Amino acid sequence: MKITRIFACRVELPLHEGAYRWSGGKSVSVFDSTIVGVETDEGVAGYGEVCPLGPFYLPAYANGVRAGIAELAPHLIGAEPRELAKLNWLMDAALKGHPYVKSGIDMACWDILGKSTGLPVCELLGGRYGDDVTLYRAISQEAPSAMAARVAQYRAEGYRRFQLKVGGDPDDDIERIHAVAALMQCGDRLVADANTGWRPHEAMRVVRAVRDLDVYIEQPCLTYDECLSVRRHCDAPFVLDETIDGIDVLLRANADHAMDVVNLKISKLGGLTKTRQARDLCVSLGIAMTLEDSWGGDIVTAAIAHLAQSTPPDLGFTCTDFNSYVSVSIASGAPVRERGRMSASSAPGLGVTPHPELLACPLVDVMA
Ligand code: MG
């Protein structure tokens, strides 16, 4: 089987809540996502998706996805899409860095591998555990009472895990965490995710002020060393996210005992192939994981479901159903949340079919 065409289409994903706000006053109201299509000489096509959390979250931006695919695609025409390790080696040889650019192509090739073998991606990633996976709900940054009201709303819909977007004014954040912690019940999990937003002295104040609460602290500061310093003064369970963008820093963080949970995002690491490598390493090391992506619609959500459901449940801390945050469907067959849980499709590949009208006008189109 050979790749004969790679194309990329832009799609806008507005939010049900109108806007998503996190640390440092950053917000997005309409996500700019890219559907990536890979076609082959045997008539099998696969689809991936890449959706940065705006241009100011990770070193990734939406136009960069398309520009990068235009750069990369000519090197991949004629390659065997089902040889995923070799495909990633080819991508890394043709374009240094830019993992998020490669993520959609890699995801589409896993879809092709599944379709051509008749197997769902979760089975190809190691096997399906259980009937479903536990979702968390991200709570956009607002006033403490408004965030508590959102938690109550999503709790009523079945979510039991909540990730508060903090990383703002530390006094406000202390109030936010206390307001929401008061609502937690046995079995719930609360994560305060600062998304790099606190200076170390601010982070120290917050972790001390919430010390009596059952809360996880996620990525308090910008750099790895700042986070490690906070970690060493904090007895709450600790999550690292933005700074863990590859195997080398994952191994360093494990050796430093810098985290209890790591947040693995598919596009941050460069696709399902590289995220599986990090995931399997975490399984061997006993590090729990939040498995997700920076953002996305139905295709990213399907990929997350396959990744999460092929992870041993005792180490799969939680994952995300981004498609329930956005008001536009981009594909049929995607996971549908039920009482705070979702399951990976049992159809071959990712189990999603992009709506054909969204593929009509590619911004990038490279053919043999
Ligand atoms: Mg995070």
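The shown structure was predicted, so the numbers you read here are calculated from the model rather than taken from an experiment.
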Engineer: Does a donor on one side chain sit under 3.5 Å from an acceptor on the other, for N88 and K86?
Structural biologist: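 Not at all, the side chains of N88 and K86 share no donor-acceptor pair under 3.5 Å.
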Engineer: Do the side chain of E226 and the main chain of L222 share a donor and acceptor less than 3.5 angstrom apart?
Structural biologist: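 Indeed, once roles are kept as given, a pair shorter than 3.5 Å links the two residues.
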Engineer: Please tell me whether Y61 and D32 have a donor and an acceptor in their side chains that are separated by less than 3.5 angstrom.
Structural biologist: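 Judged by distance alone, the side chains do not pair up.
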Engineer: Output yes when a side-chain donor or acceptor of R176 lies under 3.5 Å from a complementary backbone atom of S145, and no otherwise.
Structural biologist: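 Not at all, since once roles are kept as given, no pair shorter than 3.5 Å links the two residues.
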Engineer: Can you tell me if D41 has over 12 outside heavy atoms packed within less than 6.0 Å of its CG?
Structural biologist: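 Counting neighbours around CG of D41, more than 12 heavy atoms of other residues, nucleotides or ligands fall under 6.0 Å, so yes.
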Engineer: L124 vs L113, test: side-chain contact (heavy atoms from CB on, under 4.5 Å). Steps then yes/no.
Structural biologist: CA-CA 9 Å; L124 295 167; L113 176 62; 3.8 Å; yes
Engineer: Identify which one of L13, T301, T34 satisfies the side-chain contact (heavy atoms from CB on, under 4.5 Å) criterion when paired with E49.
Structural biologist: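 Of the listed options, the one satisfying the test is L13.
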Engineer: Is a side-chain N or O of H178 found less than 3.5 angstrom from the main chain of A209, in a donor-acceptor match?
Structural biologist: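 Yes, because the side chain of H178 sits within donor-acceptor range (under 3.5 Å) of the backbone of A209.
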Engineer: How about R341 and T134: does a side-chain donor come under 3.5 Å of a side-chain acceptor?
Structural biologist: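 Yes.
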Engineer: Look up atom NE2 in H355 and atom OG in S329, then write down how far apart they are to the nearest 0.5 Å.
Structural biologist: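 Going from NE2 on H355 over to OG on S329, the span is 2.5 Å.
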Engineer: Taking Q141 for its side chain and V166 for its backbone only, find out whether a donor-acceptor pair lies under 3.5 Å.
Structural biologist: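 Yes; judged by distance alone, with no hydrogens or angles, the pair exists.
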Engineer: Would R279 and S310 count as having a side-chain donor-acceptor pair, cut-off 3.5 Å?
Structural biologist: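 There is such a pair between these side chains.
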Engineer: Please check if the number of heavy atoms outside E83 that lie under 6.0 Å from its CD is greater than 12.
Structural biologist: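 Enclosed: over 12 neighbouring heavy atoms sit under 6.0 Å from CD of E83.
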Engineer: Evaluate the side-chain contact (heavy atoms from CB on, under 4.5 Å) criterion for residues E12 and R10: first the C-alpha distance (whole Å), next the side-chain angles of each, then the deciding distance (0.1 Å), finally the verdict.
Structural biologist: CA-CA 7 Å; E12 292 193 344; R10 180 177 185 272; 3.3 Å; yes
Engineer: I'd like to know if the side chain of R337 pairs up with that of Y159 as donor and acceptor (distance under 3.5 Å, no hydrogens or angles considered).
Structural biologist: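 On atom types as modelled, these side chains qualify, holding a pair under 3.5 Å.
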Engineer: Identify whether NZ of Lys or CZ of Arg in R5 sits under 6.0 Å from the centre of the six-membered ring of F7 and within 45° of that ring's axis.
Structural biologist: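 Yes, R5 and F7 form such a contact.
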Engineer: Could you list the residues that satisfy side chain to side chain contact (heavy atoms under 4.5 Å, CB included) with V261, not counting sequence neighbours?
Structural biologist: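 In terms of side chain to side chain contact (heavy atoms under 4.5 Å, CB included), with neighbours along the sequence ignored, V261 is linked to Y216, V239, A288, T290, F317.
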Engineer: Name the one of E218, M259, R231 that satisfies side-chain contact (heavy atoms from CB on, under 4.5 Å) with L240?
Structural biologist: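 Single pass found, and it is M259.
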Engineer: Could you pull out all residues at least two apart from D131 that satisfy side-chain hydrogen bond (donor to acceptor under 3.5 Å, both in side chains)?
Structural biologist: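 Counting only residues at least two positions away or on another chain, D131 forms no side-chain hydrogen bond (donor to acceptor under 3.5 Å, both in side chains).
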Engineer: Just by distance, do the side chain of D106 and the backbone of T273 share a donor-acceptor pair under 3.5 Å?
Structural biologist: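 Such a contact is found between D106 side chain and T273 backbone.
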Engineer: Regarding K96 and D92, does a basic nitrogen lie under 4.0 Å from an acidic carboxylate oxygen?
Structural biologist: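 Judged by the 4.0 Å cut-off on N to carboxylate O distance, K96 and D92 do not form a salt bridge.
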Engineer: Should the pair W295 and Y325 be assigned to parallel (<30°), tilted (30 to 60°) or perpendicular (>60°) ring geometry?
Structural biologist: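 W295 vs Y325 ring planes: perpendicular.
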Engineer: Using modelled atom types only, decide if a donor and an acceptor are shared between the side chain of D188 and the backbone of Q185 within a distance under 3.5 Å.
Structural biologist: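 Looks like yes, one N/O pair under 3.5 Å.
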Engineer: Quick check: does any side chain N or O of K274 sit under 3.5 Å from a backbone N or O of G271, one acting as donor and the other as acceptor?
Structural biologist: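 Side chain of K274 to backbone of G271: no pair is present.
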Engineer: Just by modelled atom types, is the F322 backbone N or O under 3.5 Å from a matching donor or acceptor in the T320 side chain?
Structural biologist: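 It does not hold such a pair.
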Engineer: Could you tell me the separation between the CD1 atom of I3 and the CE atom of M367, rounded to the nearest 0.5 Å?
Structural biologist: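 One gets 14.5 Å once the value is rounded to the nearest 0.5 Å.
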Engineer: If only side-chain N and O atoms count, and only distance matters, is there a donor-acceptor pair under 3.5 Å linking D193 with Y136?
Structural biologist: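 No donor-acceptor contact under 3.5 Å links the two side chains.
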Engineer: Is the charged tip of R137 near the ring of F162: under 6.0 Å from the six-membered ring centre and within 45° of its axis?
Structural biologist: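 No, a cation-pi geometry is absent between R137 and F162.
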Engineer: Taking everything shown except E123 itself, do over 12 heavy atoms lie less than 6.0 Å from its CD?
Structural biologist: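 Atom CD in E123 is crowded, with more than 12 foreign heavy atoms closer than 6.0 Å.
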Engineer: Distance alone, cut at 3.5 Å: any donor-acceptor contact between the side chains of Q309 and D132?
Structural biologist: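 No - no donor-acceptor pair under 3.5 Å links their side chains.
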Engineer: Quick one: OG1 on T311 to CG on L264, what's the gap to the nearest 0.5 Å?
Structural biologist: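 It is 8.5 Å, given to the nearest 0.5 Å.
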Engineer: Enter the distance from L307:CG to I266:CD1 here, rounded to the nearest 0.5 Å.
Structural biologist: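 It comes to 5.5 Å.
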Engineer: I'd like to know if the side chain of K268 pairs up with that of Y57 as donor and acceptor (distance under 3.5 Å, no hydrogens or angles considered).
Structural biologist: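 Per modelled atom types, K268 and Y57 side chains form no pair under 3.5 Å.
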